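Please read the structure below before turning to the comments.
Just so it is clear, the model here is predicted, and its values are computed rather than measured.
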Amino acid sequence: MAGHFRSYVWDPILIVSQIILMQCIYYSFLGLWLALVDSLVHNSRSLDQIFNYEVLGFSTGQGRLSMMAFVLNSLTCALGLWYFIRRGKQCLDFTVTVHIFHFMGCWIYNLHFPTALSWWLVNIVCIALMAVIGEYLCMRTELRAIPVNTGPKSNL
């Protein structure tokens, strides 16, 4: 159909590569945020901070700092959505995909289903932040005015 502003062609290679890229961004920046937080309070670093759902908790200082790192990571990943995905309609899809893969990774790492309420709350808040901020940034870019007169003016 002619007349569509932006056509969307089914490209599975692009979609899979974007999913892999967002997973890399998610875990790279989560590792950086956790390393930064750990260096401030002199905690030891381990994979438990990323995949063990029992680490995230309101009762310990390390748990609260880990939660802060997860929230900061969702803001960083929202920038990744804006820079690499660039489609407001796809932000929620990629956000949920990233967190589903993280959920499966936590399940495999712990060998059982995550049952901690704090883990679920943190991940739901992170999904909401990442999707809403990413969509806001993408929509702001998509709705930017398109300049019509880009060439030089001529005097007739």
Side-chain angles (χ1 to χ4, degrees), residues 4-41 43-144:
H4 287 312
F5 171 68
R6 182 181 289 175
S7 64
Y8 181 73
V9 178
W10 173 253
D11 188 2
I13 294 172
L14 175 66
I15 294 170
V16 169
S17 64
Q18 286 176 327
I19 290 171
I20 292 170
L21 177 65
M22 286 307 299
Q23 285 300 133
C24 291
I25 290 171
Y26 181 80
Y27 287 117
S28 299
F29 281 101
L30 181 58
L32 287 173
W33 283 117
L34 285 169
L36 178 70
V37 166
D38 288 342
S39 67
L40 291 175
V41 294
N43 280 344
S44 61
R45 295 169 188 88
S46 75
L47 280 178
D48 282 348
Q49 291 178 303
I50 296 174
F51 293 111
N52 191 350
Y53 62 87
E54 293 170 348
V55 170
L56 295 175
F58 296 104
S59 60
T60 64
Q62 182 182 1
R64 288 190 297 270
L65 289 173
S66 294
M67 283 188 211
M68 184 179 71
F70 272 86
V71 169
L72 291 171
N73 186 50
S74 66
L75 303 176
T76 308
C77 288
L79 291 174
L81 288 170
W82 174 57
Y83 192 75
F84 294 110
I85 306 303
R86 295 191 177 262
R87 296 287 307 266
K89 290 172 62 176
Q90 294 177 338
C91 286
L92 181 61
D93 299 338
F94 280 97
T95 299
V96 171
T97 302
V98 164
H99 283 85
I100 285 174
F101 281 122
H102 178 65
F103 166 73
M104 292 188 312
C106 291
W107 196 348
I108 291 168
Y109 183 81
N110 294 301
L111 299 176
H112 49 61
F113 191 81
T115 56
L117 179 63
S118 58
W119 186 88
W120 286 102
L121 290 174
V122 166
N123 280 289
I124 289 170
V125 167
C126 288
I127 288 170
L129 281 173
M130 185 175 161
V132 169
I133 294 171
E135 189 169 335
Y136 171 75
L137 293 171
C138 290
M139 293 298 277
R140 202 176 81 179
T141 303
E142 288 176 353
L143 295 175
R144 191 175 292 159

OH of Tyr109 to CD1 of Ile50, rounded to nearest 0.5 Å, is 9.0 Å
Report all side-chain donor-acceptor pairs from residues 59-66 shorter than 3.5 Å, counting only partners two or more places apart or in another chain.
residue	atom	partner	partner atom	Å
Thr60	OG1	Gly63	N	3.0
Arg64	NH1	Phe58	O	2.6
Ser66	OG	Gln62	O	3.0

Are the side chain of Glu142 and the backbone of Gly88 linked by a donor-acceptor contact shorter than 3.5 Å?
yes
Any Gln49 side-chain heavy atom under 4.5 Å of Asp38 side chain
yes
Enter the distance from Gln18:CD to Arg87:CZ here, rounded to the nearest 0.5 Å.
10.0 Å
Would you say Arg45 has more than 12 foreign heavy atoms packed within less than 6.0 Å of its CZ?
yes
List, one per line, each side-chain donor-acceptor pair under 3.5 Å for residues 68-81, sequence neighbours excluded.
residue	atom	partner	partner atom	Å
Asn73	OD1	Leu30	N	3.1
Asn73	ND2	Tyr26	O	3.3
Ser74	OG	Val71	O	2.6
Thr76	OG1	Trp33	NE1	2.9
Thr76	OG1	Leu72	O	3.0

Closest approach of Phe103 and Trp119, non-hydrogen atoms and distance?
CD1-CH2, 3.5 Å
What residues form a ring pair (Phe, Tyr, Trp, His ring centres under 6.0 Å) with Tyr53, not counting sequence neighbours?
His112
Atom pair CZ (Arg144) and CE (Met139), whose distance is rounded to the nearest 0.5 Å:
13.5 Å
Supply the atom-to-atom distance Phe84 CZ to Leu21 CG, rounded to the nearest 0.5 angstrom.
5.0 Å
Sorted by first residue and then second, give each side-chain hydrogen bond (donor to acceptor under 3.5 Å, both in side chains) pair with at least one member in residues 120-137; sequence neighbours left out.
none
To the nearest 0.5 Å, what is the distance between CD1 (Ile100) and OG1 (Thr95)?
11.0 Å
Any donor and acceptor pair, going by atom type alone, linking the side chain of Ser118 with main-chain N or O of Leu56 inside 3.5 Å?
yes
Working to the nearest 0.5 Å, report the span between OG of Ser39 and CG of Leu34.
10.5 Å
Residues in side-chain hydrogen bond (donor to acceptor under 3.5 Å, both in side chains) contact with Asn43, at least two apart in sequence or another chain
none
Using the six-membered ring of Tyr83, assess whether NZ or CZ of Arg86 lies under 6.0 Å from its centre and within 45 degrees of the ring axis.
yes
Residues forming a ring pair (Phe, Tyr, Trp, His ring centres under 6.0 Å) with Tyr27, sequence neighbours excluded
Phe51, His102
What do you reckon, is CD1 of Ile13 surrounded by more than 12 foreign heavy atoms closer than 6.0 Å?
no
